[in-house]
Amino acid sequence: MHAILNGKDENLLWTEVKKPEIGENAVLLQVYAAGVNRADLLQRAGQYPPPPGWPDWFGLEAAGVIEAVGAKVAADGKWHVGDRVCALLGSGGYAEYVSIPEELLMPIPKGLTMVEAAGLPEVYGAAYLFLCMEGKLKEGDTLLVQAGASGLASVMIPMAKALGARVITTVMNDELEAKIAHLPADIVVNTSKQSLAEVMKAELEAGRGVDVCVDCLGGAMVGECLPYMSFDGRWIMIATLADDFTNVNMRSMYARRTRLIGTNLRSRTPAQKKQLLTEMTEMLWPKVESGLVRPTIFAVFPIEQAEAAHELMRTGKSAGKMVLVVKEDV
């Protein structure tokens, strides 16, 4: 089979590799499409290695058809050869085949294509983790989503609205603001023109303070904004694309009972991921099938053009999910 590997010139190449074998509690998935995530760029740079037992090549999510099942999977009877599924991966989605533990499999919601389904597992799993499990988001809360043009934000914003929350998001410029106009955010803060801290202060004084923030940027803005969270607010750090460091007024944190939470999805145990995916599919798949929540697919590339997909993500000009097509759906 083939998979995407780093070539000698550091460019990505569609390279022949050994086809994976499956254990008794796993399935072999023929990959039709794989989602592209910023974590793939970090893995490529040597900053985000895959967990033990997963391939060296990239890909945290994929959709396809089960080609073979292990003995325990067959005995359990939940998954069968020929099932159309999507899956959360430790790595390995940029390939023709991948071996997947059964607990990381999900049925593809009715009405979705393989391309759409490939954009679900990582971003929806992460969104559910950050909003519901870590953030305890509830109806009537105000959510702040940093980097509103990201693939994750394209899911979190409509998901939070479907859960009854009010949503504030940020973008860096006018171009990105226009690109996310279709998303149902209540307030879009263009940080090239506005101060997020000032907006948060005004919202807090108006009785609409931020209850939950999901932040992939970090940097100085965190310390500037934390004093303007609602009481018992949860600021959830998932990455630090802007900077790893900030200055925090600790007095304002304990005075307002603010919680600063660091989290990620990839490092969680298989049992934790199984619980998350089970809860997520039960709660969200009906909303996906009804059209209330759908992934925003920004760009689709053939797998051989993975380099172009990575370069587009690196520029920060994408607004939604990017997907690599390995095999055409029929």
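These numbers come from the heavy atoms of this one structure, side chains and all, not from hydrogens, waters or symmetry mates.
Electrostatic pairing of K201 and E198 does not count as a salt bridge here, judged by no charged N lying under 4.0 Å from a carboxylate O. Salt bridge K136/D211: absent, no basic N to carboxylate O contact under 4.0 Å. Of the charged side-chain nitrogens involved, at least one lies within less than 4.0 Å of a carboxylate oxygen, so that R44 and E307 count as a salt-bridged pair. Using a 4.0 Å cut-off between a side-chain N of Lys or Arg and a carboxylate O of Asp or Glu, E134 and R268 qualify as a salt bridge. In this structure, R208 does not pair ionically with D186, as no charged nitrogen and carboxylate oxygen lie closer than 4.0 Å.
L13 and V17 are members of different hydrophobic clusters when ILVMFWY side chains are connected at heavy-atom separations under 4.5 Å. By the rule that hydrophobic residues join a cluster once side-chain heavy atoms approach within less than 4.5 Å of another member, I297 and I180 end up as members of separate clusters. Cluster membership for Y124 and L129, using ILVMFWY side-chain heavy atoms within less than 4.5 angstrom, is shared. Cluster annotation: I261 is connected to L265 through the hydrophobic network of ILVMFWY side chains, with a link wherever side-chain heavy atoms come within less than 4.5 Å. Connection of Y128 to V85 is established within a shared hydrophobic cluster, with ILVMFWY side chains joined at heavy-atom distances below 4.5 Å, either directly or through further cluster members.
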Side chain to side chain contact (heavy atoms under 4.5 Å, CB included) evaluation trace for M313 with R38:
CA-CA 7 Å; M313 176 161 282; R38 189 163 292 276; 3.8 Å; yes

Show your reasoning for whether side chain to side chain contact (heavy atoms under 4.5 Å, CB included) applies to I238 and T263.
CA-CA 6 Å; I238 63 171; T263 190; 4.1 Å; yes

Check the pair K273 / L276 against side chain to side chain contact (heavy atoms under 4.5 Å, CB included), numbers first and verdict last.
CA-CA 5 Å; K273 290 178 180 178; L276 185 154; 5.5 Å; no

Applying side chain to side chain contact (heavy atoms under 4.5 Å, CB included), run through E96 and K19 and close with a yes or a no.
CA-CA 9 Å; E96 291 180 292; K19 189 173 181 179; over 6 Å; no

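Considering all non-hydrogen atoms of both residues, A299 and L312 come closest at CB-CD2, 4.3 Å. Residues V123 and G151 come closest through the heavy atom pair CG2-O, 3.6 Å. Of all heavy-atom pairs between G70 and I22, the closest is N-CD1, 3.6 Å. Closest non-hydrogen pair, M253 versus V248, comes out as SD-CG1, 3.4 Å. The two residues M322 and A309 come nearest to each other via the heavy atoms CE-O, 3.4 Å. Nearest heavy atoms, C132 versus L163: SG-CD1, 3.9 Å.
For N247, the CG atom sits in a loose shell: 12 or fewer heavy atoms of surrounding residues, nucleotides or ligands are nearer than 6.0 Å. More than 12 heavy-atom neighbours from other residues, nucleotides or ligands sit within 6.0 angstrom of CE on M133. Residue-environment remark: NZ (K274) stays at or below the threshold of 12 foreign heavy atoms within 6.0 Å.
Under a 3.5 Å cut-off, the side chain of Q305 and the backbone N or O of P302 do not form any donor-acceptor pair. In this structure a side-chain-to-backbone donor-acceptor pair under 3.5 Å is missing from T170 to Q146. Panel note: side chain E67, backbone Q30; no donor-acceptor pair is recorded below 3.5 Å. Within the 3.5 Å criterion, the main-chain N or O of G223 finds a donor-acceptor partner in the side chain of T246. Using modelled atom types, one side-chain atom of W285 and one backbone atom of P107 make a donor-acceptor pair closer than 3.5 Å. A donor-acceptor pair is defined here as one N or O able to donate and one able to accept, closer than 3.5 Å; no such pair exists between the side chain of S91 and the backbone of G59. Side chain of N37 to main chain of A39: no donor-acceptor pair is present (N/O by atom type, distance under 3.5 Å, no hydrogens or angles).
Under the salt bridge (Lys or Arg N to Asp or Glu O under 4.0 Å) criterion, D56 pairs with no residue, sequence neighbours left out. Applying the side chain to side chain donor-acceptor pair (under 3.5 Å) test to R259 and every residue at least two apart in sequence or in another chain returns nothing. For R257, the salt bridge (Lys or Arg N to Asp or Glu O under 4.0 Å) partners are D232, not counting sequence neighbours. Among residues two or more places apart in sequence or in another chain, the salt bridge (Lys or Arg N to Asp or Glu O under 4.0 Å) test is passed with K138 by D141. For the side chain to side chain donor-acceptor pair (under 3.5 Å) test, residues two or more places apart in sequence or in another chain that qualify with D174 are N190, K193.
R84 is listed as a side-chain neighbour of M114, based on a closest heavy-atom distance under 4.5 Å. Taking the side chain as every heavy atom from C-beta outward, P109 and L120 approach each other to under 4.5 Å. Side-chain contact between S150 and M156 is absent, with no heavy-atom pair separated by less than 4.5 Å. In this structure, the side chains of V31 and I303 stay at 4.5 Å or more apart for every pair of heavy atoms. Between P20 and L28, the closest side-chain pair of non-hydrogen atoms falls below 4.5 Å. Counting heavy atoms from C-beta on, the side chains of S230 and L204 come closer than 4.5 Å. Side-chain contact between V36 and F301: absent, with no pair of heavy atoms (C-beta onward) separated by less than 4.5 Å. With a 4.5 Å cut-off on side-chain heavy atoms, D215 and L144 do not count as touching.
Distance check, rounded to the nearest 0.5 Å: CZ of R234 to CG of L143 gives 10.0 Å. Atom CD in Q194 sits 8.5 Å away from atom OG1 in T191 (nearest 0.5 Å). Summarising the geometry, atom OH belonging to Y32 is positioned 13.0 Å from atom OG1 belonging to T113; distances are rounded to the nearest 0.5 Å. With rounding to the nearest 0.5 angstrom, the NE2 atom of H182 is 7.0 Å from the OG atom of S154. Atom-to-atom distance recorded for E102:CD and I100:CD1 is 11.5 Å, nearest 0.5 angstrom. A distance of 5.0 Å separates CG in L277 from CE in M280, rounded to the nearest 0.5 Å.
Residue pairs meeting the ring pair (Phe, Tyr, Trp, His ring centres under 6.0 Å) criterion with at least one partner in residues 220-257, sequence neighbours excluded, do not occur; the list is empty.
Using cut-offs of 30° and 60° on the angle between ring planes, the pair H2 and W14 is parallel.
Just one of V210, I187, T142 meets the side chain to side chain contact (heavy atoms under 4.5 Å, CB included) condition when paired with E203; it is I187.
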